[in-house]
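Reviewing the structure listed below.
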Amino acid sequence: MKLLCSQDLIDAGYEPGLQMKALLDKVAEYESRGIADPKYALKLLKRDVAPPPPKGVMRENPAPLAQAIVPETKEEKENVEAVKRQMHQLLKTPVIARGVILPDACPSGKEQAVIPVGGAIAVENAIIPSAHSADICCSMFATFYDERSSVAKELDALMSSTRFGPEHRHLDDLVRDPVNDENVWQNRFLTGLRDRARTQIADQGDGNHFAYLGEVDVDEPFLAMLRLTGHGDLADRFTPRRYRVLVTHHGSRSLGAHVFKRGQIAAEKHVARTAQHIPPAAAWIDANSDTGRDYWHALQYVARWTKANHRAIHQRFLERIGSASVAEIGNEHNFVWQRGDTFYHGKGATPAWKDEQGRPQLGLIPLNMAEPILLVLGGDRDEFLSFAPHGAGRNLSRTAMRKKFPDQASRRHAIERSTKDIDVRWYCGKPDLSETPLAYKNAAQVRAQIGEFGLAEIIAEIRPLGCIMAGDSGRSWRDREEELTPKQKRQIQHRAERRRVKQDLMDDF
DNA sequence: ATGTTC
């Protein structure tokens, strides 16, 4: 019987293949020197020839999951079970330390190991693109100002300060992308995207993105709370009275969508090399590699671009109504944040930890268009990874919603009733049932759970006055494609093909 | 989410 056979060496972490012969020769040499203990022989071999680093595989048991949500109805219970199933799949990823689900959690798709909306994870030295979602930097931004006109007139001004919907044209000659001149376009995750970044500034896109007009009563207790928690600089901008507030909610548009796609390719390539059997949604990029650093820098640029996008809209609006910014607050809720060696990923999760100066972070949590937007201070609850929810969460899927209100009349009636106290504009013309308050979870319940779990402290409420949503343009992406002439289709395919070739050439992730 | 769709 041999001292060690090739299977023993493979079990010990050596790669099968050509070098196996040399390893077995080594073993034969040990044997000829009189070594008879296989364990000792393996120890010698590992000293002489280090085996390759072990390949990552999904863990047998998931990392710990904290649950900051209490389901009540049957529907909610089913939702939470689905969310936990998704999280448990994801938490088997070897680089993930722990995770949390927040009061607005809802499942996202059926693919293996996809992080649910309202989920967050702590990842060691790695970035998982899928866990910050395709809509990188989906974020909130608020500007406080003094009212100049009626809500209706200010909403008219807002309608011409931004745009929504699936098309993609430059808004007008006056709008500039203030971060387009940054020296970032050599970054492999950003290269080639400069023009679309420039074109889409002041645009908010589709779906649940919105521009909300509200009002807030700033009072002494609110200002005292800001001062007490290290936000005296913000408090100094206010006097105790009523302010109007413009709040926008959108992400990084096509720029971020492409950065995400490239990041996902890089991650899948990385785990194909260094790990085995990792679901695509769990694929990671090593943060301490050149690719990881490039991806990190690209993400930071996407954050700057998105903030500039919010600001561009707010400035255009204030110019149109002849007012000025008193104060600004904003936060991302789809993103990756580094604290030490840990990369916290949130998909629909509001950062609620203390910053480097020990100040609890300010955050904006919208509920639905007819409810206040909450201004919160982070609760810094480490057991919940120090996140708060990002909104009310969706109760019913878009398709389930349409089934519930099948005919036009019932739909119109339900929409009107749920938005009767506010001025709602649907940018593309028709209301979108799935973005009315009817589609969202019970706002009171989400608020209550923010308090029950100590995720954040609500220090002010921005009351709703009006809102612009993208609305239903009447045609899906697919419809639009079907309307194209065969010649247009060929052109699009040709361009896509050229991009792919270019991408492949560029693509050395 | 996305001038989509490896």
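A note on names: the letters A, B, ... follow the listed sequences, proteins ahead of strands, and every chain is numbered from 1. The analysis underlying the following values was restricted to heavy atoms, covering all of them including side chains, and did not include hydrogens, waters or symmetry mates.
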In whole Å, I'd like the distance from the CZ atom of A:Arg262 to the C1' atom of B:dT4.
15 Å
Quick one: does any side-chain atom of A:Tyr344 pair with a main-chain N or O of A:Phe335 as donor and acceptor, under 3.5 Å?
no
Rounded to whole Å, how long is the line connecting atom CD of A:Gln204 with atom C1' of B:dA1?
14 Å
Can you find a pair of side-chain heavy atoms, one from A:Val95 and one from A:Ile128, that are under 4.5 Å apart?
yes
Check whether any side-chain nitrogen or oxygen of A:Lys261 sits under 4.0 Å from OP1 or OP2 of B:dA1, and answer yes or no.
no
Looking at A:Asn334, does any N or O in its side chain come under 4.0 Å of the phosphate oxygens OP1/OP2 on B:dA1?
no
Can you tell me the distance, in whole Å, between the CD atom of A:Gln264 and the P atom of B:dC6?
14 Å
For the atom pair NE2 (A:His390) and SG (A:Cys138), what is the distance rounded to the nearest 0.5 Å?
6.5 Å
Mind checking the CG-CD1 spacing from A:Leu299 to A:Ile127? Nearest 0.5 Å is all I need.
5.5 Å
Gap between atoms CG and P, on A:Leu193 and B:dT4 respectively (whole Å)
12 Å
Heavy atoms under 4.0 Å, any strand shown: does A:Gly251 hit a base, just sugar-phosphate, or nothing?
nothing
Atom CG of A:Leu255 and atom P of B:dA1: how far apart are they, to the nearest Å?
17 Å
Please report, rounded to the nearest Å, how far the C1' atom of B:dA1 is from the CD atom of A:Glu435.
12 Å
note: A:His390, atom NE2; B:dA1, atom P; distance rounded to Å ~ 10 Å
Length of the NE2-C1' vector between A:His258 and B:dT4, whole Å:
9 Å
